[in-house]
Novice: 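Questions regarding the structure given below will be posed in turn.
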Amino acid sequence: MDGATVWDANWAWSLPLIVITVIFHVIGLVLLNEQVLRARRFLHGGRGFLATFSVVLGTATLIAILLHALEAGMWAGLYVLLGALPDGRSALLFSLSAITTYAHEHFDLAARWRLMGSLEALDGMILFGLTTAFLYGMIRELLHDRPGQHR
């Protein structure tokens, strides 16, 4: 079956998952931002700015990585559910490779699900763009709080 109907299932499963992962990611970043805002009070003290800044930035980065890992896990779970990949391990490795656009793993999706891998890469570009924008904005805001800075 090489017709358009073979690809229809890719769209039907992928588009809702893209929407779900983007919403999940944004909610995660909003919750993370609330914690960063709470941590800002420690930056106003002046002493230990660099250490506090580093801890806040490092923690935010680790949480963002966990968000990406959970989203790759969502895709991996769908691959296993659909029978596109044989097991969770290969599905997760494939998913991490696709979502990061690394595309180096040698796990091939079943032919009828190959478009899903490309759609997951599209999702990854959106998610990493959101993370980059968030971290950049967070860094700018935190640097405004360093001693001697005035808005």
Side-chain angles (χ1 to χ4, degrees), residues 7 9-82 84-109 113-151:
W7 295 104
N10 287 269
W11 291 102
W13 288 102
S14 299
L15 292 181
L17 189 54
I18 290 171
V19 170
I20 289 167
T21 56
V22 168
I23 291 169
F24 178 82
H25 199 76
V26 169
I27 289 170
L29 292 177
V30 166
L31 294 173
L32 176 56
N33 190 58
E34 289 176 3
Q35 298 307 311
V36 169
L37 292 175
R38 285 189 184 127
R40 286 177 75 181
R41 67 177 179 212
F42 295 108
L43 294 171
H44 288 296
R47 294 186 306 182
F49 173 84
L50 190 56
T52 304
F53 174 80
S54 298
V55 168
V56 171
L57 178 60
T59 302
T61 301
L62 286 174
I63 291 170
I65 290 168
L66 290 174
L67 281 173
H68 286 282
L70 289 169
E71 292 144 3
M74 291 177 193
W75 280 92
L78 186 58
Y79 291 134
V80 172
L81 178 73
L82 295 172
L85 289 163
D87 58 70
R89 183 181 184 277
S90 59
L92 187 57
L93 286 172
F94 177 86
S95 182
L96 286 168
S97 182
I99 208 164
T100 60
T101 68
Y102 179 59
H104 185 68
E105 286 304 321
H106 298 290
F107 299 106
D108 289 324
L109 289 173
W113 299 112
R114 287 192 182 141
L115 180 59
M116 270 184 85
S118 296
L119 293 171
E120 183 180 4
L122 171 66
D123 188 27
M125 291 174 67
I126 294 167
L127 297 173
F128 282 98
L130 288 168
T131 299
T132 301
F134 170 78
L135 290 174
Y136 175 77
M138 183 194 77
I139 290 168
R140 284 185 49 92
E141 282 296 313
L142 293 176
L143 287 177
H144 281 298
D145 291 335
R146 70 182 164 203
Q149 290 293 45
H150 302 286
R151 289 189 181 217

Novice: OG of Ser54 to CG of Leu50: how many Å apart, nearest 0.5 Å?
Specialist: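 Ser54 atom OG to Leu50 atom CG measures 4.5 Å (nearest 0.5 Å).
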
Novice: For the residue pair Phe94 and Tyr79, does the interplanar ring angle fall in the parallel (under 30°), tilted (30 to 60°) or perpendicular (over 60°) class?
Specialist: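 Aromatic pair Phe94/Tyr79 classed perpendicular.
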
Novice: What is the minimum heavy-atom distance between Ala72 and Glu120, and which atoms define it?
Specialist: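 Of all heavy-atom pairs spanning Ala72 and Glu120, the closest is CA-OE2, 4.4 Å.
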
Novice: Strictly distance-based, threshold 3.5 Å: is any side-chain N or O of Thr21 a donor or acceptor partner for the main-chain N or O of Ile18?
Specialist: yes

Novice: Is the backbone N or O of Val55 less than 3.5 Å from a side-chain atom of Thr59, with the two atoms forming a donor-acceptor pair by type?
Specialist: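 Looks like yes, one N/O pair under 3.5 Å.
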
Novice: CG/Leu17 to CZ/Phe24 distance, rounded to the nearest 0.5 angstrom?
Specialist: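 Atom-to-atom, Leu17:CG and Phe24:CZ are 11.5 Å apart.
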
Novice: At what distance, to the nearest 0.5 angstrom, does CG of Leu29 lie from CG of Asn33?
Specialist: 8.5 Å

Novice: Counting only N and O atoms by type, is there a donor-acceptor contact under 3.5 Å from the side chain of Ser95 to the main-chain atoms of Ala91?
Specialist: no

Novice: In Å, rounded to the nearest 0.5 Å, how long is the span from CG of Leu66 to OG1 of Thr61?
Specialist: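 OG1 of Thr61 is found 11.0 Å from CG of Leu66.
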
Novice: When you compare the side chain of Tyr102 with that of Leu96, does any pair of heavy atoms fall below 4.5 Å?
Specialist: no

Novice: What's the spacing between Asp87 CG and Leu85 CG if we round to 0.5 Å?
Specialist: 8.0 Å

Novice: So which heavy atom on Ala39 is nearest to which on Val56, and how close?
Specialist: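 Shortest heavy-atom contact: CB-CG2, 3.7 Å.
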
Novice: For residues Val22 and Leu127, report the shortest heavy-atom separation together with the two atoms involved.
Specialist: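 Closest approach of Val22 to Leu127: CA-CD2, 3.9 Å.
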
Novice: So Leu78 and Met74, side-chain contact (heavy atoms from CB on, under 4.5 Å) or not? Walk me through it.
Specialist: CA-CA 6 Å; Leu78 186 58; Met74 291 177 193; over 6 Å; no

Novice: Any luck finding a side-chain donor-acceptor pair between His25 and Thr131 under 3.5 Å?
Specialist: yes

Novice: Give me the atom names and distance for the closest heavy-atom approach of Leu57 to Met138.
Specialist: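 Heavy-atom minimum between the residues: CD1-CE, 3.4 Å.
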
Novice: Can Phe49 and Leu143 be said to form a side-chain contact (heavy atoms from CB on, under 4.5 Å), step by step?
Specialist: CA-CA 9 Å; Phe49 173 84; Leu143 287 177; 4.3 Å; yes

Novice: Is there a side-chain contact (heavy atoms from CB on, under 4.5 Å) between His68 and Ile99 once you walk through the steps?
Specialist: CA-CA 9 Å; His68 286 282; Ile99 208 164; 5.7 Å; no

Novice: At their closest point, which heavy atom of Leu32 faces which heavy atom of Ile63, and how far apart are they?
Specialist: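 Smallest heavy-atom distance, with atoms named: CD1-CD1, 3.7 Å.
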
Novice: Measure across Met116 and Asn10 and return the closest heavy-atom pair with its distance rounded to 0.1 Å.
Specialist: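 Of all heavy-atom pairs spanning Met116 and Asn10, the closest is N-OD1, 2.9 Å.
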
Novice: Can you tell me how far CH2 of Trp11 sits from CG of Leu119, rounded to the nearest 0.5 angstrom?
Specialist: 5.0 Å

